[in-house]
Every structure is written in structure tokens, then in C-alpha cells.
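Below: one structure, written as C-alpha cells.
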Amino acid sequence: MDFSGQTIFIGGGSKGLGYELAALLINANAAHIVLFARDQKKLDIARNSLEKLTKKDQLIQTRSVDLSDPEQISDAFLAFPEPDSLFCVVGGATVELGYLIDKDPEDIRSCMNTNYFTAAFMAQAMLRIWVNTEPLPQRDSDCKPRSRHITFTCSVAAFVGVPGYIAYTPTKCAVRGVADTLRQEVLRYNTAAVSYKVHCAFPANFVTSSFIEEQKYKPELTKRIEGTDKPVYELIEKTPSPTEVARRILNGVVRDEYAIWYYFESSFLLSNMLGPTPKRGFGIVDSLLMALAWIVWPFVRRQHDKLCRNDGIAS
């Protein structure tokens with residue numbers, strides 16, 4: 001990976017995946033990284049830690065902002081030089097996990113704010129700044145256009161409904177919808193000087209403090225279906241680290257992949273629900289996975305249905 005000289009914005013960069021992306025970007029020679037999050041104390045801790053990794057002339061800055069508020073986002077983004085890339089990493093669910101019948105309406109609204117509105121409003125603010133700035137001078141036809149990237153962090157939850165994630169899953173479906181649509185919209189703004197790229201990552205579970213906290217709120221049925229009904233120490237051993245996921249995301253951006261995933265599981269689920277999402281390469285692998293999913297998925301669905309019925313009887 002090589003991000004030499006680039007300026008990078010990370011929305012949700014104070015911890016977890018956002019922090020790991022920043023650390024890898026420092027190692028990949030990014031010149032200027034700006035972290036955005038709500039909690040300034042956590043941002044300060046992240047900046048101090050990241051500055052120990054920097055080389056000469058690399059700059060780490062932070063800005064406290066409510067990333068579900070479009071006006072605050074716009075003001076925060078305008079306070080720094082225009083970036084080459086924006087990573088929308090804010091998201092997750094803890095107390096919002098559970099069955100619909102048990103959830104307070106505010107939990108559902110909160111989940112939409114945290115996962116969907118943050119992504120949509122950050123992308124909107126960034127694109128407005130990029131497109132509405134003075135056009136860059138036309139370059140010679142032999143020059144490669146400057147690339148600007150928006151990367152969304154979605155989830156495999158966008159591909160499958162699992163009881164217990166009912167407040168979370170629709171928000172990730174919405175993020176995928178924004179990414180799929182924006183991938184085409186940005187083609188309207190490409191010029192000989194600038195090329196806009198959209199990426200969407202679909203990680204499954206990975207180990208963070210939030211993931212450990214989630215386990216306290218997940219119904220036992222949810223854990224059985226997704227395979228997290230194990231002791232925490234065992235989950236930590238078998239679940240990827242945020243560093244692994246961050247590396248996969250950055251490699252996907254470098255390779256200009258639109259849909260970025262880490263697991264075979266993610267690839268399998270996505271192939272069953274491609275819709276407008278571009279297939280990889282010539283589409284052979286995804287076409288084969290689609291055929292496999294057509295055979296396998298009815299059995300998986302029946303197994304999930306059985307678990308749900310049995311859970312109802314047991315309770």
C-alpha cells in the first residue's frame with residue numbers, strides 16, 4: 001500500500017477500526033490524517049498514540065464533531081485542507097441489539113443515526129466540497145487523473161437478516177444502498193483532472209471493545225445463529241483483529257475494488273444479493289458463488305427458522 005503525500009479524513013477515527021486505519025495509513029506514508037469523532041478526550045488519546053508512529057513531516061489532527069449533524073460535519077471538514085480520501089467508519093450497536101418487540105423506538109432511531117446518517121452526511125459534505133471547489137486545470141491527456149475516494153464501512157448484516165439485529169441490519173442495508181447509488185452518481189463529476197471513486201467494505205465480526213460489549217446485549221438465539229455462543233476468550237482467539245480488517249480495506253482501495261470483504265462468508269452472502277453491485281473481475285467467481293448460494297441457502301434458512309421456533313418453545 002502506498003498513500004504517499006495524501007491527506008486522509010477518517011470519520012470515527014478515535015478507536016477501533018478507524019484508529020487501525022490511521023495507523024496503517026501512517027505506515028503507508030500518508031502525509032496528513034484528520035480524525036473526527038464526538039469525544040475529544042478519546043481523540044486526544046488516539047492522536048498521542050498515533051504520533052508515536054509518525055515519521056518526519058507526517059501530521060495527525062483531530063476535530064470533535066457530531067457526525068450525525070450535517071452542519072457540524074460541513075464546518076469540521078472545511079476547517080482542514082481537502083483530503084484525497086474519506087473513510088466513513090462510524091457505526092455499531094450495543095444496547096440497540098435485541099428483538100423488535102422489546103426495543104424502545106429511540107433505540108431504533110439511535111441506530112439509524114449512528115450507522116446510516118453519519119455515513120450519508122459525511123459523504124454528502126465531502127462530495128460538495130470536492131465538486132464545488134474551483135476546477136483543477138485540465139491536464140495533458142498523458143497525465144493520470146487525480147483520484148478521490150469515499151469508503152463506506154458496511155457489514156455482512158446487509159446481506160442476511162438475523163433475529164436480534166433488527167435495529168442494526170436495516171441501517172447497514174441503507175448504507176449499502178447509498179454506496180451502490182453513489183458509485184454511479186460520482187461518474188457525473190469525473191473530469192480529465194479528477195476521478196471520483198466509491199468503495200464499500202463488508203466486514204463480519206472483528207475484535208474490538210465494542211464487539212466484546214455487544215456480547216452482553218445479544219440474545220442467545222442471535223449468538224447461536226451467528227456462531228458467537230462461546231466464551232469471550234475463545235471469540236477473541238478466533239475472530240479477526242481490526243488491524244486485519246483495516247489492512248484488507250486499504251488493499252481493496254488500492255486495487256480499486258468497489259465491494260471489499262474479508263471472509264469467504266462475506267463473499268458468499270454478497271454473491272447471493274449482488275443487485276447493482278459490480279461483480280469481481282469478469283464475474284466468474286461471483287457467478288459460481290451465486291449458483292452455490294442458490295443450492296445452499298434454502299438449507300441454511302430452514303436451519304435458522306428451526307432455531308427460532310425452538311427458541312420460542314424454550315422460552
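Because the structure is a prediction, the values reported are computed rather than measured. Positions are given from 1, in the same order as the sequence printed here.
His149 has its side chain out of reach of Asp84: every pair of non-hydrogen atoms, C-beta onward, lies at least 4.5 Å apart. Taking the side chain as every heavy atom from C-beta outward, Pro83 and Met126 approach each other to under 4.5 Å. Side chains of Gln303 and Ile225 form no contact here, defined as non-hydrogen atoms less than 4.5 Å apart. A 4.5 Å side-chain heavy-atom check between Ser241 and Phe206 finds every atom pair outside the cut-off. Leu67 has its side chain out of reach of Phe117: every pair of non-hydrogen atoms, C-beta onward, lies at least 4.5 Å apart. Proximity of Gln61 to Arg63: side-chain heavy atoms (C-beta onward) are nowhere separated by under 4.5 Å. Looking at heavy atoms from C-beta onward, Leu59 lies out of side-chain contact with Ile33 at the 4.5 angstrom threshold. When side chains are defined from C-beta on, Ile129 counts as touching Leu78, because their heavy atoms get closer than 4.5 Å.
Around the NZ atom of Lys103, the shell of radius 6.0 Å holds more than 12 heavy atoms that belong to other residues, nucleotides or ligands. Atom CD of Glu71 has 12 or fewer neighbouring heavy atoms from other residues, nucleotides or ligands inside a 6.0 Å radius. Within 6.0 Å of atom NZ in Lys55, more than 12 heavy atoms from other residues, nucleotides or ligands are found, so the atom counts as buried in its surroundings.
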Please tabulate, one pair per line, all N/O donor-acceptor pairs under 3.5 Å involving side-chain atoms of residues 156-171, not counting sequence neighbours.
from   : atom 1 : to     : atom 2 : distance (Å)
Tyr165 : OH     : Lys218 : NZ     : 3.3
Tyr165 : OH     : Glu226 : OE1    : 2.8
Tyr165 : OH     : Glu226 : OE2    : 3.3
Thr169 : OG1    : Tyr165 : O      : 3.3
Thr171 : OG1    : Tyr168 : O      : 2.5

Could you list the donor-acceptor pairs under 3.5 angstrom formed by side chains in residues 18-30, with sequence neighbours left out?
from  : atom 1 : to     : atom 2 : distance (Å)
Tyr19 : OH     : Ser49  : OG     : 2.5
Glu20 : OE1    : Thr243 : OG1    : 2.8

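Not counting sequence neighbours, the partners of Arg255 by the salt bridge (Lys or Arg N to Asp or Glu O under 4.0 Å) test are Glu257. When the side chain to side chain donor-acceptor pair (under 3.5 Å) test is applied to Glu213, the partners found at least two apart in sequence or on another chain are Lys216.
Ion pairing of Asp44 with Arg47 is present here, as a side-chain N (NZ or NE/NH1/NH2) and a carboxylate O approach within less than 4.0 Å. A salt bridge is defined here as a Lys NZ or Arg NE, NH1 or NH2 lying under 4.0 Å from an Asp or Glu carboxylate O, and Arg224 with Glu220 fails to meet this definition.
Using modelled atom types, one side-chain atom of Thr54 and one backbone atom of Glu51 make a donor-acceptor pair closer than 3.5 Å. For Lys172 (side chain) and Thr153 (main-chain N/O), a donor-acceptor pair under 3.5 Å exists by modelled atom type. In this structure a side-chain-to-backbone donor-acceptor pair under 3.5 Å is missing from Gln184 to Thr181. For Ser74 (side chain) and Pro70 (main-chain N/O), no donor-acceptor pair under 3.5 Å exists by modelled atom type.
Applying the 4.5 Å side-chain rule to ILVMFWY residues, one finds Val207, Ile212, Val232, Leu235, Ile236 in the same cluster as Phe211.
Within the structure, every pair that satisfies the ring pair (Phe, Tyr, Trp, His ring centres under 6.0 Å) test and touches residues 35-75, not counting sequence neighbours, is listed here: Phe9-Phe36, Phe36-Phe77, Phe36-Phe80.
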| When you look at Ser210 and Lys15, which way does the side-chain contact (heavy atoms from CB on, under 4.5 Å) test go after all the steps? | CA-CA 10 Å; Ser210 298; Lys15 60 180 183 177; 4.2 Å; yes

